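Labels below follow one simple rule: chain letters A, B, ... track the order of the sequence lines, proteins then strands, and each chain is numbered from 1. Remember, it's a predicted structure, so these values are computed and weren't measured experimentally.
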Protein chains: 2
Amino acid sequence: MQPDLLLNAIAKHISLTQDEQQQLIAVLAFKKVKKKQFLYQEGDISKQAIFVSKGCLRSYSIDKNGFEHILQFAPAGWWISDMRSIITQQPGTLYIDAVDESEIILIQKTDLEKLYTAVPKLERFFRILAENSLATYQHRLIDNLSLSALERYNNFCVRYPSLIENLPQKQVAAYIGVTPEFLSKMLNKIPAKK
Amino acid sequence: MQPDLLLNAIAKHISLTQDEQQQLIAVLAFKKVKKKQFLYQEGDISKQAIFVSKGCLRSYSIDKNGFEHILQFAPAGWWISDMRSIITQQPGTLYIDAVDESEIILIQKTDLEKLYTAVPKLERFFRILAENSLATYQHRLIDNLSLSALERYNNFCVRYPSLIENLPQKQVAAYIGVTPEFLSKMLNKIPAKK
DNA sequence: AATAAAACTTAATCAAGATTAAGTTTTATC
DNA sequence: GATAAAACTTAATCTTGATTAAGTTTTATT
């Protein structure tokens with residue numbers, strides 16, 4: 001239960017003094033979550049940013065027919081939240097739960113806002129984080145608009161090789177946007193061509 | 001050719017002193033663009049952020065079959081760029097052109113980076129801008145994974161009523177992710193039910 | 001080890017939306 | 001105002017991927 005991974009992730013973009021690091025550490029909360037344990041459910045108002053230090057979380061929505069659509073997997077070193085709910089402080093539409101036994105670090109929105117003023121470098125870090133994340137979602141959207149199911153699957157394998165090995169196939173299906181049945185059929189056709 | 005709209009957009013989130021405003025204005029470049037004029041094409045390295053003060057721009061990709069997929073429309077008051085290219089300074093994959101006769105304000109990436117340090121409030125503004133934008137793309141992605149073509153069309157009408165009136169149908173089709181033929185068919189079926 | 005619960009597979013049928021190919025209407029351009 | 005170009009429509013046919021419904025294998029739980 002240490003903040004090393006988080007501090008390293010931050011250090012990749014900005015460098016904090018000892019004192020600044022302490023100010024950050026002072027507001028962190030550490031938590032263990034069991035596999036399948038929920039952190040948020042639809043309707044909850046998100047009050048905190050979540051950093052995954054071990055294991056893997058995911059965020060997803062459930063549509064009117066009861067089907068899950070996965071927005072994000074967050075393995076160790078990644079951030080995850082219901083961004084819209086955290087910004088607007090309105091009830092969210094996403095579920096967040098643990099794919100594996102995990103350890104997470106929480107920062108309250110209110111603490112984060114104080115930190116932005118006390119340590120402007122942290123505001124820079126979160127600007128960079130949001131911009132990178134934005135670029136990633138933009139390209140995933142383009143991919144969803146322009147690629148076939150098999151191409152999206154292949155992209156997933158290339159981009160997240162470590163996830164592919166650990167995730168049940170049905171979760172990959174819910175991420176790339178096909179039914180588990182279709183993904184199974186597609187993979188067992190010995191894909192000769194993309 | 002004045003920065004009023006841009007200053008107002010910023011003032012919605014942070015308040016700048018006269019001096020800070022001047023520092024910002026000093027690095028702005030104003031430009032008129034004709035309808036259909038390109039600002040970026042695939043392969044260009046993006047060096048600047050674009051703010052639309054009049055008219056409307058769009059960003060899109062062209063897939064291997066030559067079909068356009070529209071990532072964003074940017075009417076007056078909105079920002080637009082090839083985010084990934086601006087961040088990585090690698091050749092981009094998007095095209096940006098003018099949907100209508102437009103006026104834009106440009107800020108060089110290098111100037112913006114200096115401004116973040118000189119005027120930390122601007123870094124805050126762009127953090128907020130990126131976070132809001134991120135939340136919007138996350139929800140568009142969920143919509144694309146979970147809604148039918150007609151539901152996505154109806155969402156578009158509700159969210160962008162002013163765009164619907166001015167855009168050719170085929171551009172709306174390229175945004176929601178259907179062929180122009182299918183959108184036409186869908187709309188002429190007198191949609192009784194969604 | 002036994003049992004239940006997930007996860008995966010297979011196959012038949014179905015539907016949303018793509019493709020192809022005209023033809024028609026609207027909008028720009030000279 | 002004529003003409004070309006772009007946008008829109010319609011319809012037939014085709015394809016990707018969804019749905020339904022078993023059955024099988026793997027993984028958890030007691």
Taking Phe67(B) as the starting point, is it possible to reach Leu147(A) by hopping between hydrophobic residues whose side chains are less than 4.5 Å apart? no
Could you check how far CE of Met186(A) sits from P of dT9(C), rounded to whole Å? 12 Å
Taking for each residue the nucleotide of DNA chain C with the nearest heavy atom, is it Ala149(B) or Lys35(B) whose nucleotide lies nearer the 5' end? Ala149(B)
No-hydrogen, no-angle side-chain donor-acceptor test under 3.5 Å, Tyr60(A) and Glu42(A): no
Give a yes/no answer on whether the side chain of Arg152(A) brings an N or O atom under 4.0 Å of OP1 or OP2 in dT16(D). no
Please state how far atom CG in Asn65(A) lies from atom C1' in dT20(D), giving the value in whole angstrom units. 14 Å
Just how far, in rounded Å, is P of dT19(C) from NZ of Lys185(B)? 13 Å
What is the separation between atom CG on Asp100(A) and atom C1' on dA28(D), rounded to the nearest whole Å? 15 Å
Between Glu151(A) and Ser148(A), does any side-chain donor sit less than 3.5 Å from a side-chain acceptor? yes
To the nearest Å, how far apart are Asn144(B) CG and dG17(C) C1'? 14 Å
Determine which nucleotide pairs with dG23(C), using a 3.5 Å limit on both distances of a Watson-Crick or G-U wobble pair. dC8(D)
Looking at DNA chain C, which of residues 161-172 of chain A put a heavy atom within less than 4.0 Å of it? Pro168(A), Gln169(A), Lys170(A)
Rounded distance in Å - CZ (Phe67(B)) to C1' (dA18(C)): 9 Å
side-chain N/O Asn188(A) vs dT10(C) OP1/OP2, d < 4.0 Å: yes
Both distances under 3.5 Å, Watson-Crick or G-U wobble: report the partner of dT3(C), or none. dA28(D)
When the distance from CG of Leu187(B) to C1' of dT10(D) is rounded to whole Å, what number comes out? 14 Å
Could you tell me if Gln89(B) and Lys109(B) have a donor-acceptor pair between their side chains, going purely by distance under 3.5 Å? no
Run the numbers on Ile107(A) and Gln48(A) for side chain to side chain contact (heavy atoms under 4.5 Å, CB included), then give the verdict. CA-CA 5 Å; Ile107(A) 309 181; Gln48(A) 55 214 342; 5.9 Å; no
Do Arg152(A)'s NZ or CZ and the ring of Tyr175(A) fall within the cation-pi criteria of under 6.0 Å and 45°? no
Does any residue of residues 176-183 of chain A have a heavy atom under 4.0 Å from DNA chain D, and if so, which ones, in number order? Gly177(A), Val178(A), Thr179(A), Glu181(A), Phe182(A)
Give a yes or no on whether Leu115(B) and Phe30(B) share a hydrophobic cluster (residues Ile, Leu, Val, Met, Phe, Trp, Tyr; joining criterion: side-chain heavy atoms under 4.5 Å apart). yes
Arg84(A) side chain to Ser46(A) side chain, donor-acceptor N/O pair below 3.5 angstrom: no
What orientation do Phe38(A) and Tyr95(A) show, parallel under 30°, tilted 30 to 60°, or perpendicular over 60°? tilted
To the nearest Å, give me how far apart OH (Tyr153(A)) and P (dG17(D)) are. 15 Å
